[in-house]
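Encoded as structure tokens, the structure appears first; notes follow it.
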Amino acid sequence: METGRHRSQSLGSAGLAFHALLCSSLLLNAVFFAHHLLRSSPTATPERLGDGLSWALQAAREAEAVAAADCSGHGNVFLDGVTGEDGRPGCECNRCFSGPDCSVRTPNCTADADSGNPLFLEPYWRRHAAASAVVFSGWHRLSYITTGGRFHSVELDRHIRLLHRAVGNAVVDDKYLVFGAGSMQLINALVYALSPDGNADSPPASVVATVPYYPAYKSQTDMFDGREYRWDGTTATWSNNGSRNSTKGFIEFVTSPNNPDTALRKPVLAGSSAIVDHAYYWPHLTHIPAPADEDVMLFTASKLSGHAGSRFGWALIRDEKVAKRALSYVEQSIMGASRDTQLRMLKILKVILANLHGKEDIFAFGYDVMRSRWRRLNAVVSRSTRISLQKIPPQYCTYFNRIKEPSPAYAWVKCEWEEDVDCYETLLAAGIISRSGTLAEAGARYTRMSLLKAQDDFDVLLERITEFVDAEEHGRAPGGSSSM
């Protein structure tokens, strides 16, 4: 009996132990399951795609779909393009091409060499589609302000300075940075910043430029018509008036390299406040002899990376008071550059910086394209006595560390024959749209042709110029093309 009672107690104890072990195991499994579920499931974003990936994939799929569309190499499809009956955006064709896939060439097409649209860099960014793509959420930077209560990205500011130091085209350590909607907005912001306060005791500043100059300097100054400043003509009117102090109240626009003739320039009026526009002071468009170090300098993304549509520019300003006035202008007009644009430009600058001096250097790529275009155009025009181009010698470039051949953004054309009194009209009759030198106060015998546009645009331009020169050599009047 004693033995049976001990056996019964032992079995009861074993049963209790088994139940305890079973409960512990179930509890532990529940804890592990809950932990795994919490780790693997998003808490902030409940929407999921069927394959378990996040919302970013949908945006990537849409972007990849339009990027992969076939437009025969003569056009693009864009996410915001006009949609067809199928609800999808269609091809937007380059000039002189048409059809659903841009495969139809337009006969006798006029070459448009007017604008400085920097599409020559599009192939570079196609090669770097993955590295340069930006995907961001619908709630990205909803606020007016960014980090630290500012209107501009601290990281973008830092990367702009890194780029200037790496390229060696500007001194940045003692400068303030002001962002704007392209350099176009900053043109008038800087005029305002350098002008007197506009009280009755201060006469308005005189805004001037040297011929030939970028026409927007005059048109913007005239349009805004501020009481603090006024357009006062060209520097030639004031440079020889015999008084060194008479130009102290002047604001002088200096473009270097110059638009339209691509020459490197410096201020000519002693005592003036200079706004030095360095939009084209990058190694793919000019040689870099030394870092620029003026008090007020202007740059733009459009000629650096080709992203003209992003509308982003910046000014480097030495004087704090001037920088604050320029910043106030931007804040009052647009409350700072677009936060979306700033994010995109940050990504673009990271790609550029990562590839400097390597096989995928954007400046080496751009230089090869522009040098080739200048060589080909110069070879054709050199056969002509009717038109000529500006002379640009090869020069040493500190970025490439060697002698650099010309790679200008524009061809500054002069009509040499006496009867060609209007060079713009002369080229227009030959099927070429250019930009008349009269807009830069250089006279009608000059006109500007852009070399920055898409390869299709340059190819058509070269055909029209070749026909123009061939017609001259054979004693025929130049006319439209029959080959395009």
Side-chain angles (χ1 to χ4, degrees), residues 115-119 121 151-153 156-157 159-161 163-164 167 169-170 172 175-194 207 209-210 212-224 229 251-260 262 264-265 267 273-282 284-286 292 294-318 322-323 325-331 333-334 336-338 341-342 344-346 348-349 352 409-410 435 439-440 448 450 452:
S115 79
N117 207 4
L119 295 177
L121 287 171
F151 286 117
H152 71 267
S153 163
L156 180 54
D157 182 305
H159 279 77
I160 288 173
R161 295 176 189 274
L163 181 63
H164 281 302
V167 174
N169 69 334
V172 296
K175 309 291 193 310
Y176 297 91
L177 257 174
V178 177
F179 297 168
S183 62
M184 187 64 73
Q185 183 194 32
L186 291 170
I187 287 173
N188 202 64
L190 295 174
V191 170
Y192 167 80
L194 290 167
V207 183
T210 299
Y213 59 82
Y214 181 45
Y217 302 148
K218 179 180 186 299
S219 62
Q220 281 218 21
T221 304
D222 286 342
M223 180 178 68
F224 288 104
Y229 51 83
I251 299 173
E252 180 182 353
F253 274 107
V254 181
T255 314
S256 185
N258 191 39
N259 176 3
T262 71
L264 294 183
R265 284 186 168 182
S273 297
I275 300 172
V276 185
D277 188 342
H278 284 307
Y280 300 88
Y281 197 54
W282 297 100
H284 50 345
L285 299 175
T286 188
E294 294 89 4
D295 290 342
V296 179
M297 299 183 287
L298 187 57
F299 291 88
T300 176
S302 64
K303 303 309 183 288
L304 159 65
S305 64
H307 291 84
S310 292
R311 308 309 309 132
F312 183 76
W314 64 95
L316 292 168
I317 305 172
R318 196 188 312 272
V322 175
R325 290 199 74 191
L327 181 61
S328 175
Y329 180 102
V330 174
E331 290 178 352
S333 57
I334 62 170
S338 162
T341 289
Q342 291 186 53
R344 186 184 192 192
M345 293 316 306
L346 175 60
I348 293 301
L349 292 194
I352 293 174
Y410 303 109
R435 182 170 294 184
L439 297 174
R448 189 196 80 174
S450 174
L452 293 168

Derivation and outcome, side-chain contact (heavy atoms from CB on, under 4.5 Å), residues Arg311 and Thr341: CA-CA 8 Å; Arg311 308 309 309 132; Thr341 289; 5.8 Å; no
Atom of [X], atom of [Y] and distance for their closest heavy-atom approach:
X      : Y      : result
Val178 : Leu186 : O-CD1, 4.1 Å
Met297 : Ala170 : CE-CB, 4.3 Å
Ala292 : His278 : CB-NE2, 3.3 Å
Gln342 : Ser153 : OE1-N, 2.6 Å
Pro267 : Val254 : CA-CG2, 3.8 Å
Ala326 : Leu190 : CB-CD2, 4.1 Å

As a quick check of understanding, evaluate side-chain contact (heavy atoms from CB on, under 4.5 Å) for Tyr410 and Leu452, giving each step before the final call. CA-CA 7 Å; Tyr410 303 109; Leu452 293 168; 3.8 Å; yes
Verify, without hydrogens or angle tests, whether [X] (side chain) and [Y] (backbone) share a donor-acceptor contact under 3.5 angstrom.
X      : Y      : value
Asn258 : Pro212 : yes
Arg265 : Thr210 : yes
Thr300 : Gly313 : no
His284 : Leu304 : yes

Is there a side-chain contact between [X] and [Y] (heavy atoms, below 4.5 Å)?
X      : Y      : answer
Thr286 : Thr262 : no
Tyr217 : Asp277 : yes
Ser305 : Met345 : yes
Thr255 : Pro257 : no
Leu316 : Leu177 : yes
Asp295 : Val322 : no
Asn169 : Phe299 : yes
Lys218 : Phe253 : no

What residues form a ring pair (Phe, Tyr, Trp, His ring centres under 6.0 Å) with Phe312, not counting sequence neighbours?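 Result, ring pair (Phe, Tyr, Trp, His ring centres under 6.0 Å) vs Phe312: Phe179, Trp314.
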Considering residues at least two apart in sequence or located in another chain, which fulfil the ring pair (Phe, Tyr, Trp, His ring centres under 6.0 Å) criterion with Tyr329?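 For Tyr329 the ring pair (Phe, Tyr, Trp, His ring centres under 6.0 Å) partners, ignoring immediate neighbours, are Tyr192.
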Please determine, by modelled atom types, if Tyr229 and Asn188 share a side-chain donor-acceptor pair under 3.5 angstrom.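 There is such a pair between these side chains.
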Go through the steps for Val172 and Ile160 under the test side-chain contact (heavy atoms from CB on, under 4.5 Å), then give the verdict. CA-CA 9 Å; Val172 296; Ile160 288 173; over 6 Å; no
Nearest-0.5 Å distance that lies between atom [atom1] in [X] and atom [atom2] in [Y]:
X      : Y      : atom1 : atom2 : value
Ile317 : Leu298 : CD1   : CG    : 9.0 Å
His164 : Tyr281 : NE2   : OH    : 11.5 Å
His307 : Leu349 : NE2   : CG    : 10.0 Å

